[in-house]
Amino acid sequence: MGYRVVVVGATGNVGREMLNILAERQFPLDEVAAVASARSTGDEIDFGDSGETLRVKNLEHFDFAGWDIALFAAGSEASKIYAPKAAAAGCVVIDNSSLYRMDPDVPLIVPEVNPEAIADYRKKNIIANPNCSTAQMVVALKPLHDAATIKRVVVATYQSVSGAGKDGMDELFEQSRNIFVGDTAEPKKFTKQIAFNVIPHIDSFLDDGSTKEEWKMVVETKKILDPKIKVTATCVRVPVFVGHSEAINIEFEDELSAADAQKILREAPGVMLVDKREDGGYVTPVEAVGEYATYVSRVREDSTVDNGLSLWCVSDNLRKGAALNAVQIAELLGRKHLQKAG
Ligand code: 11C
């Protein structure tokens with residue numbers, strides 16, 4: 001016996017990946033429903049590469065009663081209206097929006113990092129999925145924190161346009177093409193030209209001059225990994241279609257050599273260490289597309305602080321940063337709490 005699972009926002013970048021990953025990982029399903037806004041109702045979409053197609057249902061009229069798990073990837077506005085309805089109908093919501101992440105009654109889960117926190121899901125029947133840039137960072141930090149206790153993290157991100165949805169990907173494609181043929185490259189989705197450029201601004205500005213994306217990396221890392229860790233982030237949009245990269249500098253309580261960190265990371269769940277210290281001996285976002293791992297490269301000691309390390313971290317933001325993490329949460333929920341599948 002399997003689960004009845006709903007994917008809300010099934011036609012978006014993350015929703016499609018959720019369907020792909022449910023199919024790829026052979027999630028124990030009795031039934032899967034693809035749900036989206038009225039504009040996509042009746043469209044047919046692939047259930048991964050299973051050969052099965054799903055007809056998209058209208059979220060406004062969808063009855064969540066009798067469904068076990070709903071993976072929401074339709075944005076905060078849709079989550080605000082429909083996640084509580086699904087939860088009240090007895091369907092556990094795994095929400096990819098930022099809406100519930102900092103709610104003390106909603107666990108924020110990365111299964112490799114804080115699986116035990118999932119037990120609290122019963123308070124609201126909702127579990128939050130972290131921001132993509134946080135998810136990959138905490139997967140890399142967790143085993144190092146366990147070994148030498150992290151005091152402070154300084155991170156700069158290089159985030160792909162797919163983090164801004166299909167419109168972001170279309171804008172990079174169209175601007176690149178327009179520039180090649182001598183046309184203008186007017187920004188629409190982004191605030192400045194993204195093709196052949198980088199933009200130090202993701203999400204809205206806050207009073208202290210940081211952005212909401214940077215704030216999320218700070219507060220989500222504290223909630224998932226350890227409230228004592230200090231984080232400062234600079235989040236940057238780069239002209240890459242899929243795959244977020246991060247340059248991470250870490251200050252530890254205790255000494256940790258680069259060699260010991262490499263050894264720890266080689267064994268760590270969810271991490272793939274590719275660190276050859278030679279031309280090409282590191283991972284770039286293009287190579288991370290379609291993969292499950294959080295890749296770590298360029299591990300080295302930082303002699304400018306006591307017990308400092310620097311490293312490079314890359315992952316598929318639509319997978320570990322969103323859809324894969326959500327499906328892993330569903331797997332954890334099934335194994336530990338719902339225990340329906342035989
Ligand atoms: C980006 N990280 O790359 C964002 C996308 O809070 O779930 C995901 C935003 C979020 O633009």
Side-chain angles (χ1 to χ4, degrees), residues 7-9 12-18 71-80 83 93-103 106-110 126-140 155-172 187-192 194 197-206 210-224 231 233-248 285 288-289 294 313-329:
V7 174
V8 178
N13 275 349
V14 174
R16 282 178 194 274
E17 281 296 359
M18 285 171 166
L71 306 177
F72 269 68
S76 292
E77 287 305 309
S79 289
K80 197 172 185 173
V93 171
I94 299 171
D95 183 33
N96 191 53
S97 83
S98 58
L99 187 68
Y100 292 104
R101 288 181 192 150
M102 299 316 295
D103 183 329
V106 173
L108 176 63
I109 303 293
V110 174
I126 299 175
I127 302 165
N129 206 34
N131 185 19
C132 37
S133 34
T134 311
Q136 68 183 69
M137 184 168 81
V138 294
V139 168
V155 56
T157 69
Y158 306 74
Q159 296 182 223
S160 66
V161 294
S162 55
K166 189 176 173 304
D167 292 350
M169 299 177 84
D170 290 346
E171 186 151 319
L172 173 58
K188 286 186 286 216
K189 176 85 188 172
F190 300 114
T191 50
K192 300 213 179 199
I194 184 64
N197 202 8
V198 297
I199 305 173
H201 169 198
I202 299 176
D203 210 326
S204 49
F205 273 90
L206 305 178
S210 68
T211 64
K212 199 161 173 212
E213 182 78 1
E214 291 158 355
W215 173 82
K216 286 180 205 167
M217 291 195 77
V218 175
V219 294
E220 292 179 19
T221 300
K222 286 176 181 288
K223 181 164 175 178
I224 298 164
V231 179
T234 302
C235 293
V236 181
R237 187 74 71 196
V238 297
V240 167
F241 281 103
V242 177
H244 285 2
S245 308
E246 299 176 343
I248 307 177
V289 175
T294 293
C313 173
V314 180
S315 196
D316 183 327
N317 54 299
L318 301 178
R319 291 197 154 219
K320 185 60 197 169
L324 171 63
N325 199 70
V327 173
Q328 286 177 298
I329 293 172

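FYI, the numbering just counts along the sequence from 1. As the structure lists them, so they are numbered: ligands from 1, and atoms in each ligand from 1. Only heavy atoms go into these numbers, but all of them, side chains included; no hydrogens, no water, no symmetry mates.
Here the OG-CG distance, from Ser162 to Asp316, works out to 7.0 Å after rounding to the nearest 0.5 Å. Between Ile94 atom CD1 and Ile127 atom CD1 the span is 5.0 Å, to the nearest 0.5 Å. Residue Thr157 holds its OG1 atom at 8.5 Å from CZ of Arg237, rounded to the nearest 0.5 Å.
At under 3.5 Å, a nitrogen or oxygen of Glu213, whether backbone or side chain, sits near a nitrogen or oxygen of ligand 1. Checked against a 3.5 angstrom limit, the closest N/O atoms of Gly163 and ligand 1 fall inside it. Distances between N or O atoms of Lys216 and those of ligand 1 include at least one value under 3.5 Å. On a distance-only criterion, Gln159 and ligand 1 share at least one N/O pair closer than 3.5 Å. Here's the thing with Ser160: none of its N/O atoms is less than 3.5 angstrom from an N/O atom of ligand 1.
Listed by number with element, the atoms of ligand 1 under 4.0 Å from a non-hydrogen atom of Ile202 are 11 (O). Each of the atoms 3 (O) of ligand 1 lies under 4.0 Å from some heavy atom of His244. The atoms of ligand 1 that sit less than 4.0 Å from any heavy atom of Asn96 are 7 (O).
Contacts of Lys212 with ligand 1, taken as heavy-atom pairs under 4.0 Å, are absent altogether.
Counting protein heavy atoms only, atom 8 (C) of ligand 1 is closest to Asn131 OD1, 3.4 Å. Summary of contacts: the protein heavy atom closest to atom 7 (O) of ligand 1 is Arg101 NH2, 2.6 Å. In this structure, atom 11 (O) of ligand 1 lies nearest to the protein heavy atom Arg237 NH2, 2.6 Å.
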Exercise. Tell me, with the steps shown, if Met137 and Val155 meet side-chain contact (heavy atoms from CB on, under 4.5 Å).
Key: CA-CA 9 Å; Met137 184 168 81; Val155 56; 4.0 Å; yes
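Residues Val240 and Tyr158 form no side-chain contact, since every pair of their non-hydrogen atoms from C-beta on lies 4.5 Å or further apart.
Asp95 and Ser79 share a donor-acceptor pair across their side chains, judged by distance under 3.5 Å alone.
Checked by atom type and distance alone, the side chain of Glu171 pairs as donor or acceptor with a backbone atom of Lys189 at under 3.5 Å.
The residue from Leu172, Asn197, Ile199 that alone fulfils the side chain to side chain contact (heavy atoms under 4.5 Å, CB included) condition with Pro239 is Leu172.
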